[in-house]
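One structure is given below, encoded as structure tokens.
Keep in mind the model is a prediction, meaning the values are calculated, not measured. Residues: numbered from 1 along the sequence shown.
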Amino acid sequence: MRRLLLLFLIACCCAVPPASADDDVVLRAMSDEMARAVRDLRLENLPRPYYMDCTALESDTFSGVAVFGGLARSERFRSRSGYVNVRVGSYQLDNTNFVAGAFARSGYDAEPLPLEDDYLVLRRHFWLPADEAYKGAVEALARKQAALQHIRLSTQLNDFARQEPVESLEPRGRLSLDKKAWEQRLREFSALFRRYPLIQSSRVELEAAAGTTWFVNSEGTRVRDPDEIYLLQAFASTQAPDGMRLWDAVSIAARRAELLGGAAEIRAQIEAMA
């Protein structure tokens, strides 16, 4: 009984806390600015938005290449972008599904976002695209309504469909990678090809990326979806006696860095290919 109680206490202490939206500045800024836009965006005698959604994309990427034991490239960079979609009219008839409206701002043009989790700055970066997208949507709807006066449709389909709101808030994606350690590994892996004089060209590279997608809409949906992927590749080429080019490669993909395998295991695969 005492052992069961001890295991329970350890499990409670080590359990990962549930993902929370309260301390997510990006999600809070998106949600608050969207609510304000749906409530306050309106030009005189023109409809206000009946639907709106906001998306933010964050990426942390590493790219490293080594050739014959020397590091040829090592880059790590972060980026954020976001876009806003605004619909005016109704679910039955709105500003979308109209060719002439394509010249107006679509709402899906990605805008760069600041990397810092600054609530007010992030809200401003969603406010400007929302304002522009709304004005473009109003213009597109007017063009569409004018065009429909001269068109008889055999079948009338709704432009959009209401969906039940979904909430899925997973922990944010983090790139779990030691840059210095992997630079050294790439040097060591690529140096293996120096043992084979007939190999004319080779390289070993690692592409790794982790990120998060945030999505909120005016129907109540809130999503925070992480992603993480690692791709290690080794390439080599040589030439047959008749002049024909020959090449081969090793490719290892994984959802987490530790799943790529140990250094000895990776080295064995590269040596077998060489």
Side-chain angles (χ1 to χ4, degrees), residues 18-60 77-91 93-98 101-142 159-174 210-227:
S20 170
D22 297 334
D23 55 355
D24 189 329
V25 177
V26 179
L27 187 67
R28 186 156 49 89
M30 292 170 61
S31 301
D32 292 350
E33 186 54 35
M34 182 192 63
R36 184 209 62 81
V38 171
R39 182 184 68 246
D40 298 338
L41 265 181
R42 186 173 187 180
L43 296 173
E44 187 176 359
N45 299 323
L46 293 174
R48 59 167 50 94
Y50 81 90
Y51 172 88
M52 179 176 174
D53 63 54
C54 298
T55 303
L57 305 170
E58 180 180 73
S59 177
D60 185 3
F77 55 92
R78 292 178 59 210
S79 64
R80 268 187 192 170
S81 60
Y83 51 85
V84 175
N85 176 38
V86 175
R87 290 174 178 259
V88 295
S90 66
Y91 285 93
L93 179 68
D94 65 20
N95 52 288
T96 65
N97 302 317
F98 180 56
F103 296 101
R105 189 184 190 280
S106 66
Y108 286 105
D109 301 325
E111 300 283 348
L113 294 177
L115 296 175
E116 293 79 12
D117 288 348
D118 188 310
Y119 173 77
L120 293 178
V121 174
L122 285 168
R123 280 199 62 168
R124 180 183 183 278
H125 277 76
F126 279 103
W127 165 65
L128 290 173
D131 182 74
E132 187 177 351
Y134 170 67
K135 293 173 181 176
V138 168
E139 180 182 354
L141 180 60
D159 281 332
F160 202 44
R162 185 189 299 272
Q163 298 296 318
E164 289 297 319
V166 173
E167 181 159 307
S168 176
L169 300 175
E170 297 296 328
R172 291 169 65 169
R174 305 289 185 185
T212 305
T213 299
W214 292 268
F215 177 83
V216 297
N217 72 14
S218 55
E219 294 177 335
T221 288
R222 296 196 306 168
V223 174
R224 182 175 56 215
D225 184 36
D227 197 12

Exercise for review: For R42 and Y134, run side chain to side chain contact (heavy atoms under 4.5 Å, CB included): C-alpha distance rounded to whole Å, both residues' side-chain angles, the deciding distance at 0.1 Å, then the answer.
Suggested key: CA-CA 8 Å; R42 186 173 187 180; Y134 170 67; 4.1 Å; yes
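- In this structure, CE on M34 lies 11.0 Å from CZ on R123, to the nearest 0.5 angstrom.
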Practice item. Evaluate the criterion side chain to side chain contact (heavy atoms under 4.5 Å, CB included) for residue pair F160 and D94; output intermediate values, then yes/no. Key: CA-CA 8 Å; F160 202 44; D94 65 20; 4.1 Å; yes
**Study point:** Chi angles and distances behind the side chain to side chain contact (heavy atoms under 4.5 Å, CB included) call for M30, F215
**Key:** CA-CA 8 Å; M30 292 170 61; F215 177 83; 5.7 Å; no
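- Exactly one of L27, D32, T55, V223 qualifies for a side chain to side chain contact (heavy atoms under 4.5 Å, CB included) with V216. That residue is L27.
- Nearest heavy atoms, A133 versus V84: CB-O, 4.3 Å.
- Between the CG atom in L41 and the CZ atom in R36 there is a gap of 5.5 Å [rounded to 0.5 Å].
- Here L141 contributes atom CG and L93 contributes atom CG; the two are 6.0 Å apart, rounded to the nearest 0.5 Å.
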Check your understanding: Could you walk me through whether R48 and V38 pass the side chain to side chain contact (heavy atoms under 4.5 Å, CB included) check?
Key -> CA-CA 7 Å; R48 59 167 50 94; V38 171; 5.9 Å; no
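- To the nearest 0.5 Å, the span separating CD on E111 from CZ on F126 amounts to 10.0 Å.
- Shortest non-hydrogen contact noted between V138 and P47 is CG2-O, 4.3 Å.
- The line from CD of E164 to CD of E219 is 9.0 Å long, rounded to the nearest 0.5 Å.
- Distance check: E33 CD to L128 CG gives 9.0 Å after rounding to the nearest 0.5 Å.
- Residues P165 and T221 share a closest heavy-atom pair of CA-OG1, 3.3 Å.
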Check your understanding: Could you walk me through whether D53 and Y51 pass the side-chain hydrogen bond (donor to acceptor under 3.5 Å, both in side chains) check?
Key -> CA-CA 7 Å; D53 63 54; Y51 172 88; 2.9 Å; yes
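- Among all heavy-atom pairs drawn from P129 and H125, the shortest one is CD-O, 2.9 Å.
- The heavy-atom pair separating G173 from P226 by the smallest distance is N-CB, 3.5 Å.
- Between D24 and R224 the shortest side-chain heavy-atom distance falls below 4.5 Å.
- In this structure, S59 contributes its side chain and G211 its backbone to no donor-acceptor pair below 3.5 Å.
- Residues satisfying the side chain to side chain donor-acceptor pair (under 3.5 Å) test with D117, not counting sequence neighbours, are R80, R172.
- When all heavy atoms are compared, the tightest approach of P49 to V88 is CA-CG1, 3.9 Å.
- Partners of D225 under the side chain to side chain donor-acceptor pair (under 3.5 Å) rule, at least two apart in sequence or in another chain, do not exist in this structure.
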